[in-house]
Amino acid sequence: MTARVRIAPSPTGPLHIGTARTALYNYLYARHTGGTFILRLEDTDRVRSTVEFERDILEGLHWLGLDWDEGPEVAGEPARGPHAPYRQMERLPLYAAAAQRLLADDLAYPCYCTPEELDADRRAQEAAHEPPRYVGRCARLTPDERRAREAEGRRGALRFRVGEGVVAFDDVVRGRVEIDVANLGGDFVIVRADGNPLYHFTVVVDDAEMEMTDVIRGEDHLSNTPKHILLFRALGYGVPRFAHLPLILNPDRTKMSKRKSQTAIDDYIAQGFIKEALVNYLALLGWSTGTEEEILSLDELVDRFDLGAVHKGGAVFDRERLEWLNGQWIRRLSADDLIDRLRPFVEAELAAGRIERMPTDEELRALLPVIQERLPTLGAVGDLVGFLWVDDVAVDAATLVPKRWDAPTTRDGLTAARRTIEDAGEVSFEADELEPPLRALAEAHGWKAGDLFMAIRVAVTGRTATPPLFDTLVALGRERVLARLDRALGVLDGR
RNA sequence: GCCCCCAUCGUCUAGAGGCCUAGGACGCCACCCUUUCAAGGUGGAGAUCAGGGGUUCGAAUCCCCUUGGGGGUACCA
C-alpha cells in the first residue's frame, strides 16, 4: 500500500516554523516513498480560524515548494483529490454520522454537566491531590433522565467512553509506547454542546476517511495518541502508523513559541531568507543523513530522507546557523534568479525611503560579482550597497580621517585622489584603470594605499565597510564619485 | 500532582560494544589571502558522552536507578 500522509494545520495564525517542518517531513516521506501528500485544514476552532490565515499558510507552503497532491480549494485554487472537501468545517456531516454511530453503540453518551459543575469537580480533585478527570456523572443516565434534561432545554456535549486497559503502539521514531487508559482523564468530550466536533474526534474521522497510512506530527500529540487509537477502534477503522517528531525549541529549551522566538515563516521571508535555506535548515533540525553532507536541496532531501532516522530529542532553533545556510544558498543562485529575488527587497528599501531610486536589472547584474558573496540575507542588500541609490551620503569628519592619518593628510589625500580619478576616467571609468594610478599616487606621497583607499571609501559611501573600492567607484559613476569627493572635502573644511 | 517522552561540545549533529585519547558543521579565537567588509583556506579553544550503579575481556553505545529537561493532562488545536 502506498503511503498517504498529511499536514493538517489550523488556520488560527500565520504559518509557523513548526508546522512548516512537520509539513516538510510529511512531504519528504511521501515523495521518498512515492506516496501521496495531503493538506487538510482543521478549522473547527470557529473563533480563532480565519480565511486570511488559511491563505497565509497555503501560500507559505507553496513558497517553500511543498506542493500537495490533495487539498482544499482556496483563493481561487480548486479542491484536488477524491476526499473533498478538505476543510473540516465543510465535513460536519461526516463527524455527525460518526458521532451517531458511537451514540448508537453506546460508545459515547450525552453529558449535561455544566461548566460550573466540571470546574467544581476539578477543584475538588486538585484539593484532594488527585489527577483531574471527568467523574462520570452523566455516564449512566437512563433514557428517561436524558429526556428530562433535554426537556429542560439543556444541550448535551458528547463524551467518549474510554473504558479501561492499556493502549500500546509502535511509534516509528520512538518505538513502543504504552499508556494506561486510566491516565487519560476519564471520558472525554468529542462534540461540544453547541454541536461543534472537537479536534481529537475530527482528526480521527478524517485520518480514517482520507485513508491515511501514517500520521507524522509533533511530539506534543504523543500523549493524546491513545485517545485517537481508542476512537479509531470504536469507529471500526484501521489504526494508522504514528511517527512523533521532536519539538523545535526556544533557546531555553521550551516548545518554540511566538513569545520567545520568531515563529512565523512570513517574517523569515520578509527578512530575505530563501526557501532553499529554510527547507535545508528545517530538514536538518531533528534529522540528519548520517553523513557529513549538510547543504542539501529539496530533491536531495527527498532522495535521502528516512523517517526512522528522525531524532527523539527536541532541537533548539539556531538562527545563526540558518543565516549561514542562507548565505550558502544565495551564493549558489544564478544571476537571473538572484536579481529576481533581490528586486522586491530593493523595492522595499525604496518604499521605506532608505534609498531614492530603483536600480535597473543591469545595474544589479553588474553588482552581483561583489555582493553575492556578501549577502547573508536578501534583506541585507540595502545595508550593503544602498549608498549607490541615494543622492547624497552623510559623511562626518571623524570617520573620514583614516586611523593613521590626520585631517590635513586626509585633505591632501582626497584632493590628490580627486584629480587622479578625474584624469583616469577621461577615457573609460573602469576598475582596472582606477587602481594603478591611485596606488601610484599613494606611493608617491609615502601613504599606505589602504589609508588612501579608506579615505576615498568613506568619502563616497559614508561607511568604512563596503564592497571592494574600485568596483564601488565604477558602480557609482565618475560624476557622482567626483561630486561626493568634493562634498567630503567640504566636510573636512568644516563646511 | 499524575501520565508520557527525552538526555554527546554554547547550538545542530556523527556515533547503532572494540575503528572514539568522541568526528563534522554553526558560532567563537588566531593566522593566511586582502584596500575595508565579506567569501575562501589553515589552525585552535570547546563534550570526564547528565550522574551513579550494573552487564561485558571491553560501553557514548545494552539494563536499572537518580537527576535534569520537555510535552500532555480543555466543551483549544
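Order of the sequence lines fixes the chain letters, A, B, ..., with proteins taken first and strands second; residue numbering starts at 1 for each chain.
- Distance OH (A/Tyr199) to C1' (B/rG72): 12 Å, rounded to an integer number of Å.
- Straight-line distance from the CZ atom of A/Arg217 to the C1' atom of B/rG71: 13 Å, rounded to whole Å.
- Comparing the P positions of B/rU56 and B/rA47 gives an interatomic distance of 33 Å, to the nearest angstrom.
- Annotation: side chain of A/Lys255 is not in contact with side chain of A/Ile248 (no heavy-atom distance under 4.5 Å).
- Checked by distance alone, A/Thr254 brings no side-chain donor or acceptor within 3.5 Å of a matching partner on the base of B/rG70.
- OP1 or OP2 of B/rA77 sits under 4.0 Å from a side-chain N or O of A/Thr44.
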Checklist entry - Please walk me through it: do A/Glu150 and A/Tyr112 pass side-chain hydrogen bond (donor to acceptor under 3.5 Å, both in side chains)? => result CA-CA 9 Å; A/Glu150 297 279 347; A/Tyr112 301 94; 2.6 Å; yes
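- Taking the six-membered ring where the residue is Trp, A/His200 and A/His228 present tilted rings, their angle falling between 30° and 60°.
- Across the strands present, B/rA7 finds its partner in B/rU67; the criterion is a Watson-Crick or G-U wobble pair with both atom distances under 3.5 angstrom.
- Base pairing annotation: B/rG1 forms a Watson-Crick or G-U wobble pair with B/rU73, both donor-acceptor distances under 3.5 Å.
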Next on the checklist: Does the protein touch nucleotides 5-18 of chain B at the base, only the backbone, or not at all? Give it as B, S and - per nucleotide, heavy atoms under 4.0 Å.
Outcome noted: SS----SBSS----
Polar pairs (N or O, both sides) under 3.5 Å between protein and nucleotides 73-75 of chain B?
from, atom 1, to, atom 2, distance (Å)
B/rC75, O2, A/Ala193, N, 2.9
B/rC75, N4, A/Cys113, O, 2.8

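- Under the Watson-Crick or G-U wobble criterion, with both distances below 3.5 Å, B/rA38 is left unpaired in every strand shown.
- Between A/Glu42 atom CD and B/rA77 atom P there is a gap of 9 Å when expressed in whole angstrom units.
- Under the 30°/60° scheme for interplanar angles, the aromatic rings of A/Phe188 and A/Phe160 are found to be tilted.
- Around the CD atom of A/Glu293, the shell of radius 6.0 Å holds more than 12 heavy atoms that belong to other residues, nucleotides or ligands.
- Using modelled atom types, one finds no donor on one side chain facing an acceptor on the other under 3.5 Å when comparing A/Gln328 with A/Glu276.
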Result block: side-chain N/O donor-acceptor pairs under 3.5 angstrom for residues 190-199 of chain A, not counting sequence neighbours:
from, atom 1, to, atom 2, distance (Å)
A/Asp194, OD1, A/Asn196, N, 2.8
A/Asn196, OD1, A/Arg46, NH1, 3.3
A/Tyr199, OH, A/His221, NE2, 3.1

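- A salt bridge does not link A/Arg40 with A/Glu209: every distance from a Lys NZ or Arg NE/NH1/NH2 to an Asp or Glu carboxylate oxygen is 4.0 Å or more.
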Item to check | Check against ring-ring contact (aromatic ring centres under 6.0 Å, His included), A/Phe305 and A/Tyr25 | outcome: CA-CA 8 Å; A/Phe305 192 68; A/Tyr25 279 36; 5.3 Å; yes
Next on the checklist: At under 4.0 Å between heavy atoms, how does the protein contact nucleotides 32-52 of chain B? Give one character per nucleotide, 5' to 3', with B, S or -.
Outcome noted: ---BBBBSS------------
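- Computed from coordinates, the A/Ile57 CD1 to B/rA77 P distance equals 14 Å when rounded to whole Å.
- In this structure, A/Ile248 atom CD1 and B/rG71 atom P are separated by 14 Å, rounded to whole Å.
- Residue pairs meeting the side-chain hydrogen bond (donor to acceptor under 3.5 Å, both in side chains) criterion with at least one partner in residues 8-20 of chain A, sequence neighbours excluded, do not occur; the list is empty.
- Shown here is A/Arg354, whose CZ atom has more than 12 heavy atoms of other residues, nucleotides or ligands within 6.0 Å.
- Under the Watson-Crick and G-U wobble criteria, each requiring two contacts below 3.5 Å, nucleotide B/rC28 is paired to B/rG44.
- Within the structure, salt bridge (Lys or Arg N to Asp or Glu O under 4.0 Å) pairs that include any residue of residues 432-441 of chain A comprise A/Glu435-A/Arg439 (at least two apart or interchain).
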